[in-house]
A.B. asks: 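Below is a structure I'd like to ask you about.
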There are 2 protein chains.
Amino acid sequence: MLSTSEENYLKALYKIAQVKGNPVSTNDLADELSTSAASVTDMIKKLFEKKLVDYQRYQGAVLTSEGGRLATELVRRHRLWECFLVEKLGYGWDEVHDLAEQLEHIKSVDLVDRLEEYLQFPRFDPHGDPIPDRHGKFTIRSQQLLCNLSQGDRAEVVGVALHDSQFLRFLGEMHLEIGCVLEVLEVFEYDSSMRIHIVPDTKTLISSILSKNIYVKKYS
Amino acid sequence: MLSTSEENYLKALYKIAQVKGNPVSTNDLADELSTSAASVTDMIKKLFEKKLVDYQRYQGAVLTSEGGRLATELVRRHRLWECFLVEKLGYGWDEVHDLAEQLEHIKSVDLVDRLEEYLQFPRFDPHGDPIPDRHGKFTIRSQQLLCNLSQGDRAEVVGVALHDSQFLRFLGEMHLEIGCVLEVLEVFEYDSSMRIHIVPDTKTLISSILSKNIYVKKYS
DNA sequence: AATTATATTTAGACTAGCCTAAATATTTAT
DNA sequence: ATAAATATTTAGGCTAGTCTAAATATAATT
Ligand SMILES: [Mn+2]
Ligand SMILES: [Mn+2]
Ligand SMILES: [Mn+2]
Ligand SMILES: [Mn+2]
């Protein structure tokens, strides 16, 4: 049985590998987990003993297939709990991360499977991230960053690249939420800002900080 | 902020005090928490430092009013999570204790209040135990043990005195569940067993081990 | 009242998970 | 190729929570 701390390391390894590739460096892990590099080295050695990562001194760590399976299970739990908190308890999408961070560590063989059924097998969480199924498989969706659209393109908002609550709250204020349909009215090359039409009735200017962190699915 | 372990000690203190009264002895706590008396002494000293228990060497421990408030809050969380697991996720009443034992420690100012609202403010948990409200108040119900009824008495099952899963599963098999209406057909003085009629269509003999651990509300 | 039994506390040790500071390996720049 | 900068590991230490064994206090028995 894994401790909460071990589980958090697996999840961090998984997340960093997705963004920066393998092997994952000690310092990147220390940053992600807000801990010291020395602590990371200790824990990586422990995960190596348990055969959840491959590791050689000074060469970084890579999840083994068992480590990857466990990390995916954690992601599944995290995202299903987020769905529950938003769908059933009425939390905002900017409020659920820290709670899910705790709930994902509840030990049970079937709790999350029952939760998934109760939620009617959602495939994406409140931030538009895909939810792995019981076997670790998740739906892949064609998507691109809003900043890569051109004038005249129409698209639907399907996800976000940042998850901090300030960013999410700001998107909420702008009425930019998952499922929104929008059209690019104009792109200003100078600062990469965009004028967009959020269907049906909002027209607004958004900075590139926003457009670089919103995933959309372009209508063909 | 309290650790999971500190919270479990507060809950144990509360539970033992209800059954055996104050002060609560070191050994009773060690039994309840399946730990050593030495560990209990250490923790009691820590709770004393935090002003959550009154304590004098060799004289046992008593929850302070703040300690009692926190213990009641824990009981509230435990029972509301049990309701959720049974009502929403379809668990049996014999399966939810250990999960609630973990879920009760999730840290959040309003999670359990939202859960309570979502469950429509249940006043009793799946075992018939009362759920404290946000202010720590809970509904008191007139109840007595089934073994104290006499021939001809009619009553409704409202709770159980034991919570281990074997006992609960056995009650389930006997079709004795919260809300059942029953009538005492005959009492056998020799071994205190009873013949009862479980409305509408079951007539059965139950041992005193059962009748001593089932709470009923007698119809007047 | 003295003795014995039981309950409780203290002493000392262990693990997990974290830390800082120092040592060492690797990478980058000159 | 050497030196400087950066990354990583090691060494040693801290706290929370647990343990066993030994010491001490309280309660029960004779
Ligand atoms: Mn977590
Ligand atoms: Mn999410
Ligand atoms: Mn607990
Ligand atoms: Mn209960």
Side-chain angles (χ1 to χ4, degrees), chain A residues 1-13 16-17 19-63 67 70-71 74 101-102 104-107, chain B residues 1-13 16-17 19-63 67 70-71 74 101-102 104-107:
Chain A
M1 179 107 334
L2 297 180
S3 69
T4 292
S5 197
E6 290 170 321
E7 290 187 339
N8 283 335
Y9 273 85
L10 292 180
K11 215 158 52 104
L13 277 158
I16 295 166
V19 177
K20 297 192 153 193
N22 280 316
V24 173
S25 77
T26 302
N27 273 355
D28 283 351
L29 274 169
D31 279 0
E32 172 69 23
L33 293 164
S34 305
T35 186
S36 70
S39 301
V40 172
T41 300
D42 285 350
M43 181 61 90
I44 289 294
K45 284 179 180 167
K46 208 168 97 183
L47 295 175
F48 176 73
E49 291 302 316
K50 294 191 173 186
K51 303 202 166 145
L52 300 176
V53 299
D54 290 327
Y55 169 69
Q56 279 180 281
R57 286 186 0 160
Y58 293 98
Q59 305 306 309
V62 179
L63 284 172
L70 290 168
L74 262 295
E101 204 60 43
Q102 298 180 62
E104 70 192 3
H105 303 292
I106 299 291
K107 264 71 182 175
Chain B
M1 180 109 330
L2 296 180
S3 70
T4 293
S5 197
E6 290 170 320
E7 289 187 339
N8 283 336
Y9 273 86
L10 291 180
K11 215 157 54 102
L13 277 158
I16 295 167
V19 177
K20 296 189 151 196
N22 279 317
V24 173
S25 78
T26 303
N27 273 354
D28 283 351
L29 274 169
D31 279 0
E32 173 70 23
L33 294 163
S34 304
T35 188
S36 70
S39 301
V40 171
T41 299
D42 285 351
M43 182 60 89
I44 289 295
K45 282 178 180 167
K46 209 169 96 185
L47 295 175
F48 176 72
E49 291 303 316
K50 294 191 173 187
K51 303 204 165 139
L52 300 175
V53 299
D54 289 328
Y55 169 69
Q56 279 179 282
R57 286 187 359 162
Y58 293 99
Q59 304 306 309
V62 180
L63 286 171
L70 290 167
L74 264 294
E101 204 60 43
Q102 296 180 64
E104 70 192 3
H105 302 292
I106 299 292
K107 264 71 183 176

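In what follows, every chain begins at residue 1, and chains take the letters A, B, ... in the order their sequences are listed.
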A.B. asks: Please give, in whole Å, the distance from D/dA7 C1' to A/I44 CD1?
C.D. replies: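 For the pair A/I44 CD1 and D/dA7 C1', the rounded distance is 14 Å.
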A.B. asks: Nearest heavy atom decides the nucleotide; on that basis, is A/D42 or B/V24 closer to the 5' end of DNA chain C?
C.D. replies: B/V24
A.B. asks: Kindly state which residues belonging to residues 25-34 of chain A come within less than 4.0 angstrom of DNA chain D, counting heavy atoms of the residue only, listed by number.
C.D. replies: A/S25, A/T26, A/N27
A.B. asks: Looking at A/K51, I'd like to know if its NZ atom is crowded, meaning that more than 12 non-hydrogen atoms belonging to other residues, nucleotides or ligands lie closer than 6.0 Å.
C.D. replies: no
A.B. asks: In whole angstrom, what separates B/Q59's CD from C/dT9's C1'?
C.D. replies: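 After rounding, the reported distance stands at 12 Å.
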A.B. asks: Which of the following nucleotides, D/dT9, C/dC18, D/dT18, is nearest to the side chain of A/T35?
C.D. replies: C/dC18
A.B. asks: With sequence neighbours left out, what residues match B/S39 under side-chain hydrogen bond (donor to acceptor under 3.5 Å, both in side chains)?
C.D. replies: B/S36
A.B. asks: If only atom types and distance count, is the side chain of A/Q59 paired as donor or acceptor with the main-chain N or O of A/Q56 below 3.5 Å?
C.D. replies: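 Checking the backbone N and O of A/Q56 against the side chain of A/Q59, no donor-acceptor pair under 3.5 Å is found.
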A.B. asks: Counting only heavy atoms not in A/K20, do more than 12 sit closer than 6.0 Å to its NZ atom?
C.D. replies: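 No, because the 6.0 Å sphere around NZ of A/K20 holds 12 heavy atoms or fewer from other groups.
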A.B. asks: For B/K11, is there an ion pair with B/E101 - N to carboxylate O distance below 4.0 angstrom?
C.D. replies: yes
A.B. asks: Return yes if some donor-acceptor pair links the side-chain N/O of B/T41 with the main-chain N/O of B/A37 below 3.5 Å, else return no.
C.D. replies: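 A pair under 3.5 Å: yes.
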A.B. asks: If the cut-off is 4.0 Å, is B/K45 near the phosphate of C/dT9, judged by side-chain N/O to OP1 or OP2?
C.D. replies: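 Looking at the OP1 and OP2 atoms of C/dT9, neither is under 4.0 Å from any side-chain N or O of B/K45.
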A.B. asks: Of the non-hydrogen atoms in A/M43 and A/S5, which two are nearest, and what is the gap between them?
C.D. replies: CE-OG, 3.6 Å
A.B. asks: Round to the nearest Å and state the distance from A/Y55 atom OH to C/dA25 atom P.
C.D. replies: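 So the OH-P distance, A/Y55 to C/dA25, works out to 13 Å.
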A.B. asks: Between B/K107 (side chain) and B/H105 (backbone), is there a donor-acceptor pair under 3.5 Å?
C.D. replies: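 Answer holds: yes.
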A.B. asks: Between the protein and nucleotides 20-24 of chain C, are there any N/O to N/O pairs under 3.5 Å, and if so, what are the atom names and distances?
C.D. replies:
from: C/dT24; atom 1: O2; to: A/Y58; atom 2: OH; distance (Å): 3.3

A.B. asks: Kindly say if B/S5 contacts the phosphate of D/dT18, meaning a side-chain N or O under 4.0 Å from OP1 or OP2.
C.D. replies: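 B/S5 to D/dT18 OP1/OP2: side-chain N or O found under 4.0 Å.
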A.B. asks: Could you tell me how far apart A/Q56 (CD) and C/dT26 (P) are, to the nearest whole angstrom?
C.D. replies: 11 Å
A.B. asks: Without decimals, in angstroms, what is the distance between A/E7 CD and C/dA16 P?
C.D. replies: 16 Å
A.B. asks: For A/Y9 versus A/L29, what's the shortest heavy-atom pair and its separation?
C.D. replies: O-CD2, 4.4 Å
A.B. asks: Starting from P on C/dT15, measure out to CD on A/E6 and report it in whole angstrom.
C.D. replies: 15 Å
A.B. asks: Rounded to whole angstrom units, what separation is found between the CG atom of A/N8 and the P atom of C/dA16?
C.D. replies: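 Roughly 17 Å, once rounded to whole Å.
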A.B. asks: Without decimals, in angstroms, what is the distance between B/M43 CE and C/dT10 P?
C.D. replies: 16 Å
